[in-house]
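Before I ask anything, here is the structure I am working with.
Chain letters run A, B, ... following the sequence lines, proteins first, then strands; residues in each count from 1.
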Amino acid sequence: MTDEPLTDEPGEIETQAAEYALGLLSGDERLAFEARMAQDRDLAQDVDAWTEYFVTLTDGMPSKTPPARVLKRIELAVHGAPEPPIWRSLVPYLMGAVGGALIAWAVFMSGILIEAPGDGRIRADLAPAEGQLAFAVLIDPPSHTVSLDLTAGAVPEGRSLEVWLIPAGAEPISLGLATEDGTFATRLSDAMAARVPGATLAVTDEPVGGSPTGAPTGTIQAAGVPIPL
Amino acid sequence: MGGSDSMTPQEEIEALIARVAMADRKAFRDLYSRTSAKLFGVSVRILKDEALAEEVLQEVYVKLWDRAGAYRSNGYSPMTWLITITRNASIDRLRKARREGSAMAPVDIAERLYDDAPGPAQQAEMRSEAKALQACLSELPLDRSEMVQRVYLQGLTYQEIAEETGIKLNTVRTWLRRSLMQLRECLGG
(Lines give C-alpha, C1' and ligand atoms only; values in the text may rest on other atoms or scores of the structure.)
Protein backbone atom coordinates (compact mmCIF):
# COMPACT_ATOMS: atom_id res chain seq x y z
CA MET A 1 0.00 0.00 0.00
CA THR A 2 1.39 3.36 -0.95
CA ASP A 3 -1.17 5.21 1.11
CA GLU A 4 -0.04 4.38 4.61
CA PRO A 5 -2.17 5.67 7.49
CA LEU A 6 -1.46 9.27 8.40
CA THR A 7 -2.24 8.86 12.06
CA ASP A 8 -0.22 11.84 13.25
CA GLU A 9 -2.31 14.58 11.76
CA PRO A 10 -4.93 16.35 13.83
CA GLY A 11 -8.49 15.50 12.86
CA GLU A 12 -7.18 12.28 11.34
CA ILE A 13 -9.92 9.99 12.52
CA GLU A 14 -12.69 12.48 11.79
CA THR A 15 -11.39 12.87 8.26
CA GLN A 16 -11.30 9.11 7.92
CA ALA A 17 -15.00 9.07 8.72
CA ALA A 18 -15.59 11.20 5.61
CA GLU A 19 -13.23 9.07 3.54
CA TYR A 20 -15.03 5.96 4.72
CA ALA A 21 -18.43 7.42 3.82
CA LEU A 22 -17.07 8.27 0.37
CA GLY A 23 -15.65 4.78 -0.12
CA LEU A 24 -12.05 6.02 -0.25
CA LEU A 25 -10.64 3.65 2.34
CA SER A 26 -9.56 0.27 1.14
CA GLY A 27 -7.90 -2.86 2.40
CA ASP A 28 -6.43 -2.87 5.88
CA GLU A 29 -7.21 0.76 6.44
CA ARG A 30 -10.88 0.13 5.88
CA LEU A 31 -10.89 -2.88 8.18
CA ALA A 32 -9.05 -0.96 10.88
CA PHE A 33 -11.51 1.89 10.59
CA GLU A 34 -14.50 -0.45 10.80
CA ALA A 35 -13.04 -2.13 13.88
CA ARG A 36 -12.63 1.25 15.55
CA MET A 37 -16.10 2.38 14.47
CA ALA A 38 -17.63 -0.71 16.06
CA GLN A 39 -16.18 0.46 19.41
CA ASP A 40 -16.68 4.18 19.01
CA ARG A 41 -20.24 5.39 18.91
CA ASP A 42 -19.27 8.98 18.12
CA LEU A 43 -17.27 7.83 15.14
CA ALA A 44 -20.21 5.76 13.87
CA GLN A 45 -22.40 8.86 14.23
CA ASP A 46 -19.83 10.87 12.28
CA VAL A 47 -20.07 8.37 9.42
CA ASP A 48 -23.86 8.54 9.60
CA ALA A 49 -23.77 12.32 9.41
CA TRP A 50 -21.40 12.33 6.43
CA THR A 51 -23.59 9.73 4.75
CA GLU A 52 -26.68 11.88 5.25
CA TYR A 53 -24.88 14.87 3.72
CA PHE A 54 -23.35 13.07 0.77
CA VAL A 55 -26.56 11.24 -0.12
CA THR A 56 -28.11 14.63 -0.89
CA LEU A 57 -25.92 14.63 -4.01
CA THR A 58 -28.46 12.14 -5.39
CA ASP A 59 -31.47 14.34 -4.55
CA GLY A 60 -31.59 15.82 -8.03
CA MET A 61 -31.43 12.48 -9.79
CA PRO A 62 -34.75 11.78 -11.46
CA SER A 63 -36.65 8.59 -10.57
CA LYS A 64 -36.96 6.04 -13.32
CA THR A 65 -39.35 3.11 -13.24
CA PRO A 66 -37.41 -0.12 -13.78
CA PRO A 67 -38.73 -2.65 -16.32
CA ALA A 68 -41.17 -5.23 -14.89
CA ARG A 69 -38.69 -8.04 -15.51
CA VAL A 70 -36.48 -6.73 -12.70
CA LEU A 71 -39.07 -7.43 -10.00
CA LYS A 72 -39.69 -10.88 -11.49
CA ARG A 73 -35.98 -11.68 -11.33
CA ILE A 74 -35.71 -10.37 -7.79
CA GLU A 75 -38.68 -12.39 -6.59
CA LEU A 76 -37.29 -15.46 -8.32
CA ALA A 77 -33.98 -14.89 -6.56
CA VAL A 78 -35.40 -14.36 -3.07
CA HIS A 79 -38.48 -16.58 -3.04
CA GLY A 80 -37.08 -19.33 -5.27
CA ALA A 81 -40.10 -19.43 -7.58
CA PRO A 82 -42.29 -16.99 -9.43
CA GLU A 83 -44.97 -15.37 -7.31
CA PRO A 84 -47.92 -17.76 -7.45
CA PRO A 85 -51.38 -16.63 -8.49
CA ILE A 86 -52.69 -14.28 -5.85
CA TRP A 87 -55.40 -16.59 -4.52
CA ARG A 88 -52.85 -19.29 -3.72
CA SER A 89 -51.76 -17.19 -0.79
CA LEU A 90 -54.99 -18.40 0.77
CA VAL A 91 -53.60 -21.92 0.99
CA PRO A 92 -52.81 -21.54 4.70
CA TYR A 93 -56.49 -20.98 5.31
CA LEU A 94 -57.33 -24.07 3.30
CA MET A 95 -55.07 -26.17 5.49
CA GLY A 96 -57.61 -25.90 8.28
CA ALA A 97 -60.49 -26.93 6.11
CA VAL A 98 -62.30 -30.19 6.59
CA GLY A 99 -64.19 -31.83 3.76
CA GLY A 100 -67.17 -34.10 3.88
CA ALA A 101 -70.47 -32.80 4.96
CA LEU A 102 -73.00 -31.04 2.82
CA ILE A 103 -74.90 -27.92 3.52
CA ALA A 104 -74.67 -27.48 7.26
CA TRP A 105 -71.58 -25.47 7.82
CA ALA A 106 -70.22 -22.60 9.71
CA VAL A 107 -67.56 -20.13 8.84
CA PHE A 108 -64.25 -20.57 10.50
CA MET A 109 -61.96 -17.64 10.64
CA SER A 110 -58.66 -16.96 12.31
CA GLY A 111 -59.10 -20.00 14.48
CA ILE A 112 -62.43 -18.89 15.92
CA LEU A 113 -65.54 -20.86 15.23
CA ILE A 114 -68.54 -18.67 15.70
CA GLU A 115 -71.73 -20.26 16.82
CA ALA A 116 -75.03 -20.23 15.08
CA PRO A 117 -77.39 -17.64 16.50
CA GLY A 118 -79.94 -20.34 17.34
CA ASP A 119 -82.40 -19.95 14.51
CA GLY A 120 -80.53 -22.31 12.18
CA ARG A 121 -78.59 -19.54 10.52
CA ILE A 122 -74.86 -19.22 10.88
CA ARG A 123 -73.04 -16.03 11.59
CA ALA A 124 -69.33 -15.47 11.22
CA ASP A 125 -66.70 -12.93 10.41
CA LEU A 126 -64.37 -12.64 7.45
CA ALA A 127 -61.22 -11.09 8.82
CA PRO A 128 -58.70 -8.94 6.99
CA ALA A 129 -56.29 -10.91 4.82
CA GLU A 130 -53.95 -8.79 2.71
CA GLY A 131 -56.25 -5.83 2.93
CA GLN A 132 -57.94 -4.10 5.83
CA LEU A 133 -61.58 -4.91 5.36
CA ALA A 134 -63.66 -7.15 7.59
CA PHE A 135 -67.09 -8.59 6.89
CA ALA A 136 -69.85 -10.15 8.91
CA VAL A 137 -71.18 -13.20 7.12
CA LEU A 138 -74.67 -14.53 7.52
CA ILE A 139 -75.48 -17.94 6.09
CA ASP A 140 -78.81 -19.65 5.89
CA PRO A 141 -78.09 -23.26 4.93
CA PRO A 142 -81.61 -24.37 4.01
CA SER A 143 -82.04 -21.56 1.49
CA HIS A 144 -78.39 -21.56 0.37
CA THR A 145 -78.19 -17.84 0.95
CA VAL A 146 -74.96 -16.12 1.82
CA SER A 147 -74.78 -12.47 2.75
CA LEU A 148 -71.87 -10.24 3.69
CA ASP A 149 -71.79 -6.88 5.40
CA LEU A 150 -68.76 -4.65 5.64
CA THR A 151 -67.87 -4.19 9.32
CA ALA A 152 -64.46 -2.54 9.14
CA GLY A 153 -62.39 -0.62 6.62
CA ALA A 154 -63.32 1.50 3.64
CA VAL A 155 -63.96 0.19 0.13
CA PRO A 156 -60.92 1.28 -1.91
CA GLU A 157 -61.82 4.23 -4.09
CA GLY A 158 -62.50 3.42 -7.71
CA ARG A 159 -62.64 -0.33 -7.05
CA SER A 160 -65.37 -2.93 -6.89
CA LEU A 161 -65.43 -5.62 -4.23
CA GLU A 162 -65.84 -9.12 -5.66
CA VAL A 163 -66.80 -12.15 -3.58
CA TRP A 164 -65.20 -15.50 -4.36
CA LEU A 165 -65.77 -19.10 -3.44
CA ILE A 166 -62.56 -21.09 -3.70
CA PRO A 167 -63.25 -24.85 -3.41
CA ALA A 168 -60.27 -26.80 -2.08
CA GLY A 169 -57.85 -27.48 -4.90
CA ALA A 170 -59.89 -25.57 -7.46
CA GLU A 171 -59.82 -22.16 -9.08
CA PRO A 172 -61.78 -19.31 -7.47
CA ILE A 173 -65.40 -18.97 -8.59
CA SER A 174 -66.90 -15.50 -8.59
CA LEU A 175 -70.10 -15.19 -6.56
CA GLY A 176 -70.60 -11.62 -7.72
CA LEU A 177 -69.93 -8.03 -6.76
CA ALA A 178 -70.69 -6.36 -3.46
CA THR A 179 -72.46 -3.03 -3.50
CA GLU A 180 -70.53 0.20 -3.10
CA ASP A 181 -71.14 0.18 0.63
CA GLY A 182 -69.81 -3.33 0.94
CA THR A 183 -72.95 -5.43 1.26
CA PHE A 184 -73.47 -8.60 -0.68
CA ALA A 185 -76.14 -11.30 -0.85
CA THR A 186 -76.64 -14.24 -3.10
CA ARG A 187 -78.52 -17.50 -3.29
CA LEU A 188 -76.29 -20.38 -4.30
CA SER A 189 -77.42 -23.10 -6.68
CA ASP A 190 -77.56 -26.62 -5.23
CA ALA A 191 -74.42 -27.49 -7.19
CA MET A 192 -72.59 -24.47 -5.88
CA ALA A 193 -73.76 -24.99 -2.31
CA ALA A 194 -72.41 -28.53 -2.46
CA ARG A 195 -68.97 -27.14 -3.15
CA VAL A 196 -69.00 -24.85 -0.15
CA PRO A 197 -67.79 -27.22 2.59
CA GLY A 198 -64.03 -26.96 2.81
CA ALA A 199 -63.93 -24.01 0.45
CA THR A 200 -62.64 -20.53 1.19
CA LEU A 201 -64.75 -17.41 0.99
CA ALA A 202 -62.75 -14.40 -0.03
CA VAL A 203 -63.29 -10.78 -0.97
CA THR A 204 -60.93 -9.00 -3.35
CA ASP A 205 -60.98 -5.50 -4.70
CA GLU A 206 -61.16 -5.43 -8.48
CA PRO A 207 -61.53 -2.86 -11.25
CA VAL A 208 -65.00 -1.33 -11.36
CA GLY A 209 -67.41 -3.91 -12.73
CA GLY A 210 -65.37 -6.86 -11.48
CA SER A 211 -62.30 -8.82 -12.44
CA PRO A 212 -61.50 -8.41 -16.13
CA THR A 213 -60.05 -11.92 -16.29
CA GLY A 214 -62.65 -13.93 -14.36
CA ALA A 215 -60.01 -14.70 -11.74
CA PRO A 216 -59.06 -12.54 -8.75
CA THR A 217 -56.59 -9.84 -9.74
CA GLY A 218 -56.68 -7.41 -6.81
CA THR A 219 -55.83 -7.42 -3.14
CA ILE A 220 -57.43 -10.12 -1.02
CA GLN A 221 -59.28 -7.88 1.40
CA ALA A 222 -60.76 -10.55 3.61
CA ALA A 223 -61.04 -14.32 3.69
CA GLY A 224 -62.29 -17.25 5.70
CA VAL A 225 -62.86 -20.98 5.39
CA PRO A 226 -66.32 -22.44 5.90
CA ILE A 227 -66.20 -25.64 7.90
CA PRO A 228 -68.94 -28.26 7.81
CA LEU A 229 -70.44 -29.02 11.18
CA MET B 1 -53.04 -3.14 10.27
CA GLY B 2 -54.46 0.32 9.84
CA GLY B 3 -52.93 3.55 11.01
CA SER B 4 -51.11 4.08 7.73
CA ASP B 5 -53.03 7.31 7.15
CA SER B 6 -51.27 8.99 10.03
CA MET B 7 -47.75 7.78 9.17
CA THR B 8 -45.19 9.90 7.37
CA PRO B 9 -43.74 8.45 4.16
CA GLN B 10 -40.53 7.81 6.10
CA GLU B 11 -42.39 5.90 8.81
CA GLU B 12 -44.26 3.92 6.18
CA ILE B 13 -41.00 2.83 4.55
CA GLU B 14 -39.57 1.97 7.97
CA ALA B 15 -42.66 -0.11 8.71
CA LEU B 16 -42.27 -1.92 5.39
CA ILE B 17 -38.60 -2.63 6.09
CA ALA B 18 -39.57 -4.02 9.50
CA ARG B 19 -42.09 -6.35 7.85
CA VAL B 20 -39.58 -7.39 5.19
CA ALA B 21 -37.25 -8.33 8.05
CA MET B 22 -39.96 -10.81 9.05
CA ALA B 23 -39.99 -12.23 5.50
CA ASP B 24 -43.30 -10.57 4.58
CA ARG B 25 -43.45 -10.97 0.80
CA LYS B 26 -46.23 -8.49 0.29
CA ALA B 27 -44.34 -5.86 2.27
CA PHE B 28 -41.31 -6.62 0.12
CA ARG B 29 -43.32 -5.99 -3.02
CA ASP B 30 -44.78 -2.79 -1.53
CA LEU B 31 -41.31 -1.61 -0.56
CA TYR B 32 -40.15 -2.30 -4.09
CA SER B 33 -42.99 -0.35 -5.62
CA ARG B 34 -42.38 2.56 -3.24
CA THR B 35 -38.61 2.79 -3.66
CA SER B 36 -37.38 1.08 -6.82
CA ALA B 37 -37.87 4.04 -9.19
CA LYS B 38 -35.65 6.30 -7.09
CA LEU B 39 -33.01 3.61 -6.62
CA PHE B 40 -33.07 2.70 -10.31
CA GLY B 41 -32.82 6.38 -11.21
CA VAL B 42 -29.74 6.76 -9.00
CA SER B 43 -28.10 3.63 -10.38
CA VAL B 44 -28.79 4.56 -14.02
CA ARG B 45 -27.39 8.02 -13.40
CA ILE B 46 -24.22 6.65 -11.82
CA LEU B 47 -23.67 3.82 -14.28
CA LYS B 48 -25.12 5.36 -17.45
CA ASP B 49 -26.01 1.79 -18.39
CA GLU B 50 -29.53 0.49 -17.81
CA ALA B 51 -28.64 -3.18 -18.10
CA LEU B 52 -26.00 -2.81 -15.38
CA ALA B 53 -28.39 -0.72 -13.30
CA GLU B 54 -30.95 -3.53 -13.50
CA GLU B 55 -28.34 -5.91 -12.13
CA VAL B 56 -27.54 -3.49 -9.34
CA LEU B 57 -31.21 -3.12 -8.47
CA GLN B 58 -31.55 -6.88 -8.26
CA GLU B 59 -28.48 -7.10 -6.05
CA VAL B 60 -29.79 -4.34 -3.80
CA TYR B 61 -33.25 -5.85 -3.24
CA VAL B 62 -31.91 -9.37 -2.73
CA LYS B 63 -29.58 -7.91 -0.10
CA LEU B 64 -32.51 -6.05 1.36
CA TRP B 65 -34.58 -9.23 1.67
CA ASP B 66 -31.70 -10.94 3.45
CA ARG B 67 -30.63 -8.06 5.66
CA ALA B 68 -33.66 -5.89 6.32
CA GLY B 69 -33.23 -6.72 10.01
CA ALA B 70 -29.94 -4.80 10.03
CA TYR B 71 -31.69 -1.53 9.27
CA ARG B 72 -32.31 -0.46 12.86
CA SER B 73 -28.71 -0.84 13.82
CA ASN B 74 -27.66 2.36 12.09
CA GLY B 75 -28.78 5.93 12.37
CA TYR B 76 -29.81 6.64 8.80
CA SER B 77 -33.20 7.58 7.52
CA PRO B 78 -34.55 4.65 5.48
CA MET B 79 -34.16 6.33 2.09
CA THR B 80 -30.59 7.30 2.96
CA TRP B 81 -29.92 3.70 3.83
CA LEU B 82 -31.47 2.39 0.61
CA ILE B 83 -29.83 4.99 -1.64
CA THR B 84 -26.45 4.47 0.05
CA ILE B 85 -26.63 0.71 -0.54
CA THR B 86 -27.58 1.41 -4.16
CA ARG B 87 -24.85 4.03 -4.62
CA ASN B 88 -22.22 1.71 -3.17
CA ALA B 89 -23.32 -1.25 -5.31
CA SER B 90 -23.36 0.98 -8.40
CA ILE B 91 -19.90 2.36 -7.64
CA ASP B 92 -18.56 -1.18 -7.18
CA ARG B 93 -19.82 -2.05 -10.67
CA LEU B 94 -18.50 1.14 -12.15
CA ARG B 95 -15.05 0.65 -10.67
CA LYS B 96 -15.00 -2.94 -11.85
CA ALA B 97 -16.04 -1.91 -15.35
CA ARG B 98 -13.33 0.76 -15.40
CA ARG B 99 -10.69 -1.76 -14.28
CA GLU B 100 -11.80 -4.08 -17.05
CA GLY B 101 -11.71 -1.23 -19.50
CA SER B 102 -15.39 -1.64 -20.33
CA ALA B 103 -16.45 1.67 -18.82
CA MET B 104 -15.39 5.13 -19.83
CA ALA B 105 -12.41 6.58 -18.02
CA PRO B 106 -13.55 9.02 -15.33
CA VAL B 107 -12.04 11.91 -17.23
CA ASP B 108 -14.48 11.30 -20.06
CA ILE B 109 -17.48 11.45 -17.81
CA ALA B 110 -16.69 14.62 -15.95
CA GLU B 111 -19.51 16.38 -17.74
CA ARG B 112 -22.06 14.15 -16.05
CA LEU B 113 -21.51 15.88 -12.77
CA TYR B 114 -23.29 18.97 -13.87
CA ASP B 115 -26.46 17.19 -14.99
CA ASP B 116 -27.51 16.96 -11.40
CA ALA B 117 -26.25 20.26 -10.08
CA PRO B 118 -29.24 22.04 -8.60
CA GLY B 119 -30.38 25.23 -10.30
CA PRO B 120 -31.67 28.25 -8.37
CA ALA B 121 -35.29 27.04 -8.40
CA GLN B 122 -34.31 23.62 -7.12
CA GLN B 123 -32.07 25.12 -4.48
CA ALA B 124 -35.06 26.86 -2.98
CA GLU B 125 -36.73 23.49 -2.46
CA MET B 126 -33.71 21.61 -1.16
CA ARG B 127 -33.78 20.00 2.25
CA SER B 128 -31.50 21.46 4.88
CA GLU B 129 -28.69 18.88 4.57
CA ALA B 130 -28.55 19.46 0.83
CA LYS B 131 -28.43 23.24 1.26
CA ALA B 132 -25.70 22.99 3.88
CA LEU B 133 -23.59 20.65 1.77
CA GLN B 134 -23.95 22.80 -1.35
CA ALA B 135 -23.08 25.94 0.59
CA CYS B 136 -20.00 24.34 2.14
CA LEU B 137 -18.87 22.75 -1.14
CA SER B 138 -19.06 26.16 -2.75
CA GLU B 139 -16.55 27.48 -0.20
CA LEU B 140 -13.95 24.99 -1.46
CA PRO B 141 -11.82 25.73 -4.49
CA LEU B 142 -13.84 24.64 -7.51
CA ASP B 143 -11.57 21.78 -8.53
CA ARG B 144 -11.65 20.31 -5.03
CA SER B 145 -15.38 20.65 -4.62
CA GLU B 146 -15.75 18.91 -7.95
CA MET B 147 -13.36 16.18 -6.92
CA VAL B 148 -15.31 15.44 -3.72
CA GLN B 149 -18.52 15.18 -5.70
CA ARG B 150 -16.96 12.96 -8.32
CA VAL B 151 -15.62 10.63 -5.65
CA TYR B 152 -19.17 10.21 -4.40
CA LEU B 153 -20.98 10.11 -7.74
CA GLN B 154 -18.39 8.36 -9.89
CA GLY B 155 -16.40 6.40 -7.33
CA LEU B 156 -13.09 8.01 -8.20
CA THR B 157 -10.23 6.54 -6.19
CA TYR B 158 -7.12 8.38 -5.04
CA GLN B 159 -5.21 6.40 -7.65
CA GLU B 160 -7.53 7.56 -10.42
CA ILE B 161 -7.39 11.18 -9.31
CA ALA B 162 -3.59 10.95 -9.26
CA GLU B 163 -3.55 9.51 -12.77
CA GLU B 164 -6.01 12.03 -14.08
CA THR B 165 -4.33 15.07 -12.57
CA GLY B 166 -0.73 13.89 -12.78
CA ILE B 167 -0.30 14.75 -9.10
CA LYS B 168 1.39 12.28 -6.76
CA LEU B 169 -0.91 9.95 -4.88
CA ASN B 170 0.05 11.08 -1.38
CA THR B 171 -0.30 14.69 -2.40
CA VAL B 172 -3.74 14.00 -3.82
CA ARG B 173 -4.72 12.37 -0.60
CA THR B 174 -3.44 15.17 1.60
CA TRP B 175 -5.22 17.65 -0.64
CA LEU B 176 -8.56 15.88 -0.57
CA ARG B 177 -8.37 15.26 3.16
CA ARG B 178 -7.79 18.97 3.80
CA SER B 179 -10.89 19.66 1.75
CA LEU B 180 -12.85 17.15 3.82
CA MET B 181 -11.64 18.76 7.05
CA GLN B 182 -12.68 22.14 5.73
CA LEU B 183 -16.07 20.72 4.80
CA ARG B 184 -16.44 19.25 8.23
CA GLU B 185 -15.75 22.57 9.91
CA CYS B 186 -18.15 24.35 7.60
CA LEU B 187 -20.87 21.77 8.24
CA GLY B 188 -20.47 22.37 11.96
CA GLY B 189 -18.94 19.00 12.80
- Query: chain B: which of Ala17(A), Ala44(A), Pro67(A), Ala49(A) shares the most heavy-atom pairs with it under 4.5 Å?
  - Reply: Pro67(A)

- Pairwise side-chain contact, Tyr158(B) with Glu19(A), heavy-atom cut-off 4.5 Å (strictly under):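 With C-beta onward as the side chain, the pair touches.
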
- Is a side-chain donor-acceptor pair under 3.5 Å present for Thr56(A) with Glu129(B)?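 Glu129(B) vs Thr56(A): no donor-acceptor pair found between side chains.
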
- Message: Looking at Arg173(B) and Glu29(A), is there a salt bridge between them, counting it only when a charged N and a carboxylate O are closer than 4.0 Å?
- Response: yes

- Message: If you define the side chain from C-beta out and look only at heavy atoms, does anything of Val55(A) sit under 4.5 Å from Tyr152(B)?
- Response: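 They are in side-chain contact.
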
- Measuring heavy-atom distances to chain B, does Ala152(A) have an atom under 4.5 Å in its side chain, in its backbone, in both, or in neither?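 No part of it gets close to chain B.
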
- Is the closest basic N to carboxylate O distance between Arg25(B) and Glu75(A) below 4.0 Å? no

- Task: For each of Gly41(B), Ala23(B), Ala37(B), tally heavy-atom pairs with chain A at distances under 4.5 Å, and name the one with the top tally.
- Result: Ala37(B)

- Query: Can you check whether Leu187(B) reaches Trp50(A) side chain to side chain, under 4.5 Å on heavy atoms?
  - Reply: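 When only atoms from C-beta onward are counted, Trp50(A) and Leu187(B) do touch, with a gap below 4.5 Å.
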
- Kindly indicate whether the side chain of Phe54(A), heavy atoms from C-beta on, has any atom under 4.5 Å from the side chain of Arg87(B). no

- Heavy atoms, side chains only, cut-off 4.5 Å: are Trp65(B) and Ile74(A) in contact?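 No. Closest side-chain heavy atoms not under 4.5 Å.
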
- Query: So do the side chains of Leu183(B) and Tyr53(A) get within less than 4.5 Å of each other, counting heavy atoms only?
  - Reply: no

- Task: Give a yes or no on whether the backbone of Ser77(B) and the side-chain of Glu52(A) come within a donor-acceptor separation of less than 3.5 Å.
- Result: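 Indeed, once roles are kept as given, a pair shorter than 3.5 Å links the two residues.
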
- Item | Note, Pro66(A) side chain near Glu50(B) side chain (heavy atom, < 4.5 Å) | no

- Exam field: side chain Lys38(B) to backbone Met61(A), donor-acceptor pair closer than 3.5 Å: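 Judged by distance alone, yes, a pair lies under 3.5 Å.
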
